[in-house]
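Please read the structure below before turning to the comments.
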Amino acid sequence: MKHSLLLRFGTVITILFILALSGMISSMIIAETAEGYAAAINQAGTLRMQSYRIASSLVHGNPNGNRPDNRSRLLVDEYNQRIHSPRIHDVLAKGAGDEVNNTYHRVESQWRRLMLPNLNNYLMMTETLDSTARVTKKIEISRQTYLSLVDGFVDDIHSFVEALEIEAEQKNEQLRLIQIILLSFTFLVALVSLYLTKISVLNPLRNLLACAKAVRHGDFSVRSRFLSEDELGQLSHAFNLMADNLSVIYSDLEDRVEEKTQDLEQSNRTLELLYSTTKRLSDSSLNEQVLIAVIHDIEALLGVSNGTICLGQPGDHQAYRYASTRNQDILLNDHKDGQCAMCLGDGETHRFQTCDPTTGKRINIFSTPIRDKAQYYGILMVELQTSQELEDWQARLLETVASHIGLAISVTQQDIQNRKMSLMEERSVIARELHDSIAQSLSYLKIQVARLEKALNDDLPKEDVLQISSVLRSALNGAYRQLRELLTTFRLRVTDANLGRLINQTVDEFTNRSGIPIEFINTLGNCQFTPNAEIHIIQIIREALSNVIRHANATEARVSMDCDHQGLVTVNIEDNGIGIDGEGDMMQHYGLPIMKERAEHLGGELRINESPIGGTQINLVFTIADISNRESQRLFTEQLKDA
């Protein structure tokens with residue numbers, strides 16, 4: 001702390017205070033010692049005048065005789081008082097100089113030993129009544145003696161006065177000198193303090209301010225050059241340390257920003273490649289051109305060359321070269337088995353070296369499997385330069401692209417499988433429809449034909465033969481109608497439009513055919529149905545409307561469909577006809593069981609009720625969830641898979 005600025009400035013202030021205090025104390029002391037000199041000088045000056053007044057009184061006191069008057073004695077007494085006045089003795093008691101003491105003692109001694117006895121003798125003789133010549137002569141001698149001594153005595157008094165004046169002037173001169181010295185020291189200390197302030201405070205502060213401005217503008221190379229041990233020096237040390245830390249932090253931040261920027265660029269390129277790969281694989285069917293475009297994207301992003309996609313399994317002796325940007329197969333014609341094993345590996349990402357078949361140079365191959373989950377489809381290979389090494393993110397990106405290709409292959413195969421299942425399901429539906437309607441009609445016709453043959457062989461009456469023939473005609477017409485409706489149903493492209501639109505077309509068809517106004521109320525909303533379920537629903541509605549036209553004698557009909565938020569579907573077909581009398585056409589008897597079987601296939605229930613508008617109401621209720629979860633549907637799907 002000995003270099004502390006506070007200590008320095010405290011020292012300077014203390015010195016200034018001491019100088020000021022010294023000036024005041026010395027002024028007080030000198031003023032105290034000089035006090036009374038003016039009064040002493042004045043009192044001493046009166047002694048000179050008093051000496052001449054005594055002389056004048058001696059000369060002019062009693063001009064007509066030798067008797068003195070009372071005035072001379074009064075002057076002598078006054079003189080004694082003046083020469084021993086306290087004004088003079090106070091100055092002498094304060095320690096006056098030797099010259100003042102000597103001159104005073106000399107005056108006082110002359111007055112006491114010489115002047116006063118002579119005057120006392122003179123006054124005593126003048127006060128006697130003896131006027132003899134001897135006495136007169138002595139009086140005269142005494143007066144003449146005083147008169148002769150008075151000038152020298154006054155000179156001594158003058159010397160005393162002059163000594164007092166000189167000593168008083170010397171004290172004033174001492175006070176002036178002390179003031180000048182103290183002012184000089186004060187001025188010197190002020191100059192030194194200003195210099196120290198400039199050197200120790202202003203310059204370091206200006207330097208620190210300049211450094212702070214530079215740091216504020218991002219220049220962390222500046223350092224303070226005032227590194228003393230005082231407070232500002234310590235502040236400079238702290239600033240330099242802060243600048244060092246900031247420089248390190250800033251440099252680290254710049255490195256991190258650069259690193260993050262590179263990471264972002266890398267992520268952007270990665271996402272761009274993944275996006276383009278996904279878009280190419282999803283926008284069109286998987287083929288060689290699409291995969292070659294994907295390989296070109298990989299080559300452009302990663303800086304590799306000659307990408308190849310081979311289909312095969314680990315352990316295969318021959319793989320299928322599906323797509324490649326290399327004109328010539330990299331595998332040598334000899335040692336094909338070894339080359340395939342080298343490319344396919346053990347189903348994991350690996351690297352190996354081989355020779356270019358055209359140049360004979362060694363090239364590095366990066367091979368990564370193409371698979372979806374546990375299903376292995378093949379490999380994706382890229383060629384690297386001799387000194388080129390893939391970074392980890394590039395290897396991971398190639399693995400990701402390969403997994404996308406594997407997923408695309410898996411989706412393509414799944415789509416093909418779904419198409420096969422849909423085709424087989426459609427064939428199954430057609431077969432069942434034919435079996436449920438046409439086959440039963442043909443069986444019925446076969447029975448009627450047998451009756452007809454039996455009637456002819458038995459020579460039954462013509463009326464019985466005609467009745468059987470009429471039944472055959474009616475059954476044949478019914479079979480023809482069912483075949484036509486089935487053909488109409490199968491011609492419907494149930495996957496090209498929604499169910500509501502297809503039913504609306506069906507309602508329009510029956511309205512135009514029968515002339516009966518049929519209202520259609522559709523509140524299915526966004527409920528979705530499978531194609532098989534749509535066929536069943538359409539067939540139930542067509543069968544019901546056909547019964548309305550042929551048997552109900554109705555003047556109006558209504559079809560309504562509703563699906564609530566829980567997937568409960570309700571289908572109503574109702575009319576204002578005569579209702580079901582229990583003695584309908586045999587074909588109608590066949591139709592109702594078939595409709596109920598269709599309802600069971602949907603997982604629902606078909607009920608026949610009396611319509612609120614007077615005729616018959618066919619009510620179908622099922623849930624969408626039951627359609628896909630039905631046991632028959634699951635068995636059918638398993639059968640298709642096994643097939």
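Remark: the backbone N or O of R396 is paired with a side-chain donor or acceptor of T400 at under 3.5 angstrom. No donor-acceptor distance shorter than 3.5 angstrom exists from the side chain of H158 to the backbone of V154, with no hydrogens or angles considered. In terms of modelled atom types and a separation under 3.5 Å, the side chain of E165 and the main chain of I41 share no donor-acceptor contact. Checking side-chain atoms of N118 against main-chain N and O of S142 turns up a donor-acceptor pair under 3.5 Å. Checking side-chain atoms of D156 against main-chain N and O of V107 turns up no donor-acceptor pair under 3.5 Å. No donor-acceptor distance shorter than 3.5 angstrom exists from the side chain of N42 to the backbone of A38, with no hydrogens or angles considered.
In this structure, the separation between CG on D255 and NZ on K260 is 13.0 Å, given to the nearest 0.5 Å. Taken from OH in Y146 to CG in L114, the straight-line distance is 10.5 Å, to the nearest 0.5 Å. Note that CE of M115 is 10.0 Å distant from CD1 of I83, once rounded to the nearest 0.5 Å. Atoms CD1 and CD1, on I363 and I365 in that order, are 4.0 Å from each other to the nearest 0.5 Å. Here the CG atom belonging to L7 is positioned 9.0 Å from the CD atom belonging to E231, to the nearest 0.5 angstrom. Annotation: the span from L380 atom CG to T349 atom OG1 amounts to 9.5 Å, rounded to 0.5 Å.
Partner of T325 under the side chain to side chain contact (heavy atoms under 4.5 Å, CB included) criterion, out of I298, L291, I295: I295 alone. Each of T354, T308, N364, N306 was compared with E383 under the side-chain hydrogen bond (donor to acceptor under 3.5 Å, both in side chains) criterion, and only N306 meets it.
Under the rule for a side chain to side chain contact (heavy atoms under 4.5 Å, CB included), the partners of Q289 that lie at least two apart in sequence or sit in another chain are N287. Here T145 pairs with nothing under the side-chain hydrogen bond (donor to acceptor under 3.5 Å, both in side chains) rule; sequence neighbours left out. With sequence neighbours excluded, no residue forms a side-chain hydrogen bond (donor to acceptor under 3.5 Å, both in side chains) with S251.
The two atoms that bring I178 and S26 nearest to each other are CG2-OG, 3.1 Å, heavy atoms only. The heavy-atom pair separating P117 from R113 by the smallest distance is CG-O, 3.3 Å. Of all heavy-atom pairs between T186 and L19, the closest is N-CD1, 3.5 Å. Of all heavy-atom pairs spanning A44 and V161, the tightest one is CB-CG2, 3.2 Å. Nearest approach of Y79 to L47, heavy atoms of both residues: CE1-O, 3.3 Å. Nearest approach of C343 to S367, heavy atoms of both residues: O-OG, 2.9 Å.
In this structure the side chain of L274 reaches within 4.5 angstrom of the side chain of H404, judged on heavy atoms. When side chains are defined from C-beta on, E162 does not count as touching E99, because their heavy atoms never get closer than 4.5 Å. Annotation: side chain of F366 is not in contact with side chain of V304 (no heavy-atom distance under 4.5 Å). In this structure the side chain of S72 reaches within 4.5 angstrom of the side chain of L123, judged on heavy atoms. Between S305 and Q385, some side-chain heavy-atom pair lies under the 4.5 Å cut-off. Here the side chains of H89 and H84 are in contact, with some heavy-atom distance below 4.5 Å. Taking the side chain as every heavy atom from C-beta outward, R106 and Q110 approach each other to under 4.5 Å. Looking only at side-chain heavy atoms (C-beta outward), S51 and I157 come within less than 4.5 Å of each other.
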Self-check item: Working for side-chain contact (heavy atoms from CB on, under 4.5 Å), residues F226 and L232
Solution: CA-CA 8 Å; F226 294 93; L232 290 177; over 6 Å; no
Quiz prompt | side-chain contact (heavy atoms from CB on, under 4.5 Å) evaluation trace for T368 with I379 | solution = CA-CA 6 Å; T368 185; I379 55 170; over 6 Å; no
Self-check item: From CA spacing to verdict: side-chain hydrogen bond (donor to acceptor under 3.5 Å, both in side chains), S200, R8
Solution: CA-CA 10 Å; S200 303; R8 294 183 195 177; 3.0 Å; yes
Practice problem: Check step by step if side-chain contact (heavy atoms from CB on, under 4.5 Å) holds for S22 and I18. | Solution: CA-CA 6 Å; S22 300; I18 292 173; 3.9 Å; yes
Exercise. Determine, stepwise, if the pair R371 / E348 fulfils salt bridge (charged side-chain N to carboxylate O under 4.0 Å, His left out).
Key: CA-CA 10 Å; R371 60 189 173 192; E348 300 296 335; 3.5 Å; yes
Practice problem: Test side-chain contact (heavy atoms from CB on, under 4.5 Å) on I199 and Y195 and set out the steps. | Solution: CA-CA 6 Å; I199 297 299; Y195 175 76; 3.6 Å; yes
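Taking the charged nitrogens against the carboxylate oxygens, K213 and D219 have no contact shorter than 4.0 Å, which rules out a salt bridge. A salt bridge links R82 with E78: the closest approach of a Lys/Arg side-chain nitrogen to an acidic carboxylate oxygen falls below 4.0 angstrom. R176 has a carboxylate O that lies under 4.0 Å from a charged side-chain N of E173, or vice versa, which qualifies the two as a salt bridge.
Residues Q375 and S410 have side chains that never bring a donor and an acceptor to within less than 3.5 angstrom of each other. In this model, a donor atom of one side chain and an acceptor atom of the other lie less than 3.5 Å apart for S224 and N207. Judged purely by distance below 3.5 Å, without hydrogens or angles, the side chains of Y37 and E167 pair a donor atom with an acceptor atom. A donor-acceptor contact closer than 3.5 angstrom is absent between the side chains of D263 and W393.
For F185, the CZ atom counts as loosely surrounded, since its 6.0 Å shell holds 12 or fewer non-hydrogen atoms of other residues, nucleotides or ligands. Surrounding CZ of R362 are more than 12 heavy atoms belonging to other residues, nucleotides or ligands, all under 6.0 Å away. Heavy-atom neighbours of Y52 OH from other residues, nucleotides or ligands within 6.0 Å: above the threshold of 12.
Relative orientation of the F160 and Y104 rings is tilted, given thresholds of 30° and 60° on the angle between their planes.
Aromatic rings from H237 and F239 are positioned such that their centres are separated by 6.0 Å or more.
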